[in-house]
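Working notes, beginning with the structure itself.
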Amino acid sequence: MRVLILGGTGEAAELAAKVANIQGIEVISSLAGRTREPSIPLGDFRVGGFGGVAGLAEYLHQMNINLLIDATHPFATQMALNGADAAIRVNIPRLKLMRPPWKAVNGDRWLEVDNIKSAASVLENQSKRVFLTIGRQEIGTFAHLNQIWFLMRMIDPPEQNALVPPGVFLCDRGPFLLENEREILIQHRIDTIVSKNSGGVATYAKIIAARELKLQVVMVKRPPVPPGEQVTDVDAAVTWLLQHSHG
Ligand code: NAP
């Protein structure tokens with residue numbers, strides 16, 4: 001039995017580590033290659049795009065993959081769609097492993113928006129100093145907001161000629177601690193955080209810190225995922241694998 005895990009998340013790495021100990025299942029993890037020094041999962045792995053649905057279907061076929069687990073980030077929409085289509089083409093079972101979204105609790109001041117573009121629009125009239133925590137790929141969407149100062153957190157700095165908003169970069173990788181997040185918000189006199197609703201614990205501390213300091217959070221809602229089997233934690237994904245490997 002050979003399983004391909006579409007990765008790039010903590011859950012994908014955790015799953016690869018658990019499956020590596022199961023006899024009779026071989027695991028290959030796939031990373032997009034976006035970060036310069038990715039966290040390398042346990043077991044076999046490959047890096048880089050497949051070349052769309054056709055490329056992925058070809059890979060699944062060539063490598064005799066029996067099962068596909070899409071454990072990519074909830075905002076990796078293209079990869080999720082490609083995974084779903086390719087699994088249908090080569091007729092193998094596919095599972096989506098996706099952590100639950102965060103839910104606003106008492107004291108949270110969230111403004112939920114549908115996408116990154118809407119997040120940029122709502123900042124225009126209400127924010128002066130923004131903590132932008134959406135990664136580096138889409139920061140260009142905020143580049144026209146000249147009246148706002150941005151603290152932009154991302155793993156690697158943007159490309160040299162990339163369009164970026166005014167402000168400074170903070171290159172760091174989660175998990176982030178509450179006391180550090182609190183300090184960042186206070187030190188930079190942040191009034192608004194922009195975040196994707198990624199879910200999970202690794203990047204949740206900024207949401208708690210914002211609640212404590214009564215700051216606004218512009219929360220980008222999750223995009224829809226392709227229909228199909230879905231679980232929210234690693235153990236449930238392992239159970240799914242075991243069921244399919246005996247069947
Ligand atoms: P995306 O927009 O959905 O995918 C764009 C293209 O990148 C895909 O069509 C595919 O290229 C390639 N790709 C994406 N994930 C891949 C993977 N795991 N293995 C091989 N190729 C992959 O993806 P994205 O939002 O840029 O995310 C890229 C990676 O970063 C993913 O692994 C994701 O889990 C991780 N990540 C994303 C976010 C986020 O906010 N989007 C946050 C944290 C981590 P081809 O069409 O050529 O196959």
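Bear in mind the structure is a predicted one, so any value in this text is a computation, not a measurement.
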Test: [X] and [Y] ion pair at under 4.0 Å:
X: Arg2; Y: Glu26; answer: yes
X: Lys96; Y: Asp70; answer: yes
X: Lys196; Y: Glu138; answer: yes

For residues [X] and [Y], report the shortest heavy-atom separation together with the two atoms involved.
X: Ala20; Y: Leu42; value: CB-CD2, 4.2 Å
X: Pro224; Y: Thr77; value: O-CG2, 4.2 Å
X: Asn66; Y: Pro93; value: O-CD, 3.4 Å
X: Ala12; Y: Ile5; value: CB-CG2, 4.0 Å
X: Leu31; Y: Pro38; value: CD1-CB, 4.1 Å
X: Met79; Y: Leu6; value: CE-CD1, 4.0 Å

Check: [Y] and [X] side chains under 4.5 Å, non-hydrogen atoms:
X: Met152; Y: Pro165; result: yes
X: Thr133; Y: Val194; result: no
X: Ile139; Y: Pro158; result: yes
X: Arg153; Y: Asp172; result: yes
X: Met1; Y: His244; result: no
X: Val220; Y: Phe75; result: yes
X: Asp44; Y: Ser29; result: no
X: Ile207; Y: Met219; result: yes

- Query: Can you name the side chain to side chain donor-acceptor pair (under 3.5 Å) partners of Gln78, sequence neighbours left out?
  - Reply: Asn82
Hydrophobic clustering (ILVMFWY, side-chain heavy atoms < 4.5 Å, transitive) - are [Y] and [X] grouped together?
X: Leu242; Y: Leu15; answer: yes
X: Ile184; Y: Val168; answer: yes
X: Val113; Y: Trp110; answer: no
X: Ile193; Y: Trp149; answer: yes
X: Phe169; Y: Ile134; answer: yes

- Query: How are the rings of Tyr204 and Trp102 set to each other: parallel, tilted or perpendicular (split at 30° and 60°)?
  - Reply: tilted
- Message: Is there a side chain to side chain contact (heavy atoms under 4.5 Å, CB included) between Ser30 and Leu4? Walk through the geometry before answering.
- Response: CA-CA 7 Å; Ser30 175; Leu4 177 67; 4.1 Å; yes
- Message: Please check if the number of heavy atoms outside His144 that lie under 6.0 Å from its NE2 is greater than 12.
- Response: yes
- Task: State whether the number of non-hydrogen atoms from other residues, nucleotides or ligands found under 6.0 Å of Gln147 atom CD is greater than 12.
- Result: no
Given 3.5 Å as the limit, does a donor-acceptor pair link the side chain of [X] with the main chain of [Y], or not?
X: Arg129; Y: His188; result: yes
X: Arg94; Y: Ile69; result: no
X: Asp156; Y: Arg36; result: yes
X: Ser198; Y: His73; result: no

- Task: Report yes or no: is the cationic atom of Arg173 (NZ for Lys, CZ for Arg) under 6.0 Å from the centre of the six-membered ring of Phe176, at an angle within 45° of the ring normal?
- Result: no
- Take Val164 and Phe142 through the test side chain to side chain contact (heavy atoms under 4.5 Å, CB included) and record every step on the way to the result. CA-CA 7 Å; Val164 298; Phe142 299 82; over 6 Å; no
About how many Å separate [atom2] of [Y] and [atom1] of [X], when rounded to the nearest 0.5 Å?
X: Asp191; Y: Ser127; atom1: CG; atom2: OG; value: 5.0 Å
X: Leu56; Y: Arg89; atom1: CG; atom2: CZ; value: 9.5 Å
X: Arg222; Y: Asp114; atom1: CZ; atom2: CG; value: 14.5 Å
X: Leu67; Y: Ser245; atom1: CG; atom2: OG; value: 7.5 Å
X: Asp85; Y: Ile88; atom1: CG; atom2: CD1; value: 6.0 Å
X: Leu97; Y: Glu14; atom1: CG; atom2: CD; value: 9.0 Å

- Exactly one of Val122, Leu123, Val217 clears side-chain contact (heavy atoms from CB on, under 4.5 Å) with Thr192, and that residue is Leu123
- Message: If you apply the rule salt bridge (Lys or Arg N to Asp or Glu O under 4.0 Å), what do you find for Glu112 with Lys221, and how did you get there?
- Response: CA-CA 6 Å; Glu112 293 192 88; Lys221 288 186 214 160; over 6 Å; no
Determine all donor-acceptor pairs shorter than 3.5 Å in which one atom belongs to a side chain in residues 230-238; sequence neighbours excluded.
{"unit_1": "Asp233", "atom_1": "OD1", "unit_2": "Asp235", "atom_2": "N", "d": "3.1"}
{"unit_1": "Asp233", "atom_1": "OD1", "unit_2": "Ala236", "atom_2": "N", "d": "3.0"}
{"unit_1": "Asp235", "atom_1": "OD1", "unit_2": "Lys18", "atom_2": "NZ", "d": "2.6"}

- Verdict with supporting geometry, Ile186 and Leu213, side chain to side chain contact (heavy atoms under 4.5 Å, CB included): CA-CA 9 Å; Ile186 294 170; Leu213 298 167; 4.0 Å; yes
- Which of Arg211, Lys214, Lys103, Gln216 passes side-chain hydrogen bond (donor to acceptor under 3.5 Å, both in side chains) with Asp108? It is Arg211
